[in-house]
2 protein chains.
Amino acid sequence: MHSEVVASRSADPKGPSSKHGGSPSLDAVSLAIIEQLQEDGRRPYAAIGKAVGLSEAAVRQRVQKLLDQGVMQIVAVTDPLTVGFRRQAMVGINAEGDLDPVADALTAMPECEYVVMTAGSFDLMVEVVCEDDDHLLDVINKRIRALPGVRSTESFVYLKLKKQTYMWGTR
Amino acid sequence: MHSEVVASRSADPKGPSSKHGGSPSLDAVSLAIIEQLQEDGRRPYAAIGKAVGLSEAAVRQRVQKLLDQGVMQIVAVTDPLTVGFRRQAMVGINAEGDLDPVADALTAMPECEYVVMTAGSFDLMVEVVCEDDDHLLDVINKRIRALPGVRSTESFVYLKLKKQTYMWGTR
DNA sequence: CCTCGCACCTACGAAATCCGTGAGTATCGG
DNA sequence: CCGATACTCACGGATTTCGTAGGTGCGAGG
């Protein structure tokens, strides 16, 4: 039972290839480990090992590497609005020229929790979390719009968060 | 050292106030606990207790309650695009009538990881995670647009995730 | 073909943590 | 005054974490 993953010993994790460069190239076992931790970020290594067919130590080392590489993070997540007195919004941005500098500048702002480059009528989308209306206004109108390259923005203030999960693995 | 939170014994957690209504109304200590777990979801209870000025057992009970109440969840988060072969997009939705049934229907879809009601030119925004283009097309055009009440949608396919944090507490 | 080096795994013991539990205290609300 | 709630302190066994030593497979280079 436990639906072992049986990855056979030969499915080497770190890819002999290291294909196309960039991606850390995760194997099936690491994927399975991540799935386990998406269900419960505090699940013990031994339990994960049993589920994916690895020893406790091996799981521990893999997890540590995934964390070090920044592939995954184990954290507490909440709904900021529930947690209290805060304003949250999604901001769509249009910019000209190279988008990377703009994205990097947004990333540097602590109020921006989520920055993504998109295709469609926005070039970038950013989720901002603020203390109150004044703070939100300041961030959007004074700081984001002031960035060089930013042509225009459109804001969507959050009224209610209905769902927030991270279990793409389990379905 | 450790920047204790010194909440004094009298700051009762379950709020005698229960201000502005609905919210579970978290006190400063629970907030501090959440902040600790936003930095590291696996931090031991004793360490958290030392940081927030509570005993190990008290922290354990608080964390359990926060998890049970659904105020917080401790999970592994990743960038689905990095983890592999997947298409991701933000979808803005306009609908007519009561939005709750629509939001609930979206919440029920496993591909929707994030559902939020907004003010602005969209009524709802949804983040979808899909296997591939076909899957994405199916979800957006066949399932979301088919929901009763949905008037129109606009999609923003993710090209690159630049930032993803959950540390609103620490700044 | 052989050997070095690397990445990954298993094995194991010691230290730390988790977790259930029970007694005693303080505060709040009825 | 009483009940409910929440916290502290304390304990002990089970479990987990963590460092580390030892073994193995595989590619690179001689």
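All of these numbers come straight from a predicted model, not from anything done at the bench. In what follows, chains are A, B, ... by sequence order, proteins preceding strands, each numbered from 1.
The separation between B/E56 atom CD and D/dA10 atom P is 13 Å, rounded to whole Å. Remark: P of D/dC7 and CD of B/Q64 are 14 Å apart, rounded to the nearest angstrom. Rounded to an integer number of Å, the gap from CG of A/L37 to C1' of D/dT17 is 15 Å. For the pair A/Q61 CD and D/dG23 P, the interatomic distance rounds to 17 Å; values are reported in whole Å. Note: CD1 (B/I48) to C1' (C/dA16) measures 15 Å, nearest angstrom. Straight-line distance from the CG atom of A/L26 to the C1' atom of C/dA7: 16 Å, rounded to whole Å. The nearest whole Å value for the distance from the CG atom in A/L67 to the C1' atom in D/dC18 is 15 Å. The interatomic distance linking A/R43 (CZ) with D/dT15 (C1') rounds to 16 Å, in whole Å.
A salt bridge links A/K162 with B/D104: the closest approach of a Lys/Arg side-chain nitrogen to an acidic carboxylate oxygen falls below 4.0 angstrom. The existence of a salt bridge linking A/E131 and A/R86 is confirmed by a sub-4.0 Å separation between a basic side-chain nitrogen and an acidic carboxylate oxygen.
A donor-acceptor contact closer than 3.5 angstrom links the side chains of A/D27 and A/S30.
Comparing D/dT17, C/dC9, D/dC7 by their nearest atom to the side chain of A/P44 picks out D/dT17. Side chain of A/S55, nearest nucleotide from C/dC19, D/dT17, C/dT10: C/dT10. Residue A/R60 has its side chain nearest to D/dC18 when only C/dC18, D/dC18, C/dC19 are considered. Comparing atom distances between the B/Y45 side chain and each of C/dC19, D/dT8, D/dT16 picks out C/dC19 as nearest.
At C/dA7, none of the side-chain N or O atoms of A/K65 fall inside 4.0 Å of OP1 or OP2 (strictly under the cut-off). Distances shown here put a side-chain N or O of A/R62 below 4.0 Å from the OP1 or OP2 atom of C/dC9.
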Are A/I34 and A/L26 close enough, and set up right, to give a side-chain contact (heavy atoms from CB on, under 4.5 Å), and what steps lead you there? CA-CA 10 Å; A/I34 294 175; A/L26 305 184; 4.1 Å; yes
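Backbone-only contact: B/R42 has heavy atoms under 4.0 Å from sugar-phosphate atoms and none from a base.
Taking the six-membered ring where tryptophan is involved, the planes of A/F156 and A/F122 are perpendicular, since the angle between them exceeds 60° and thus also 30°.
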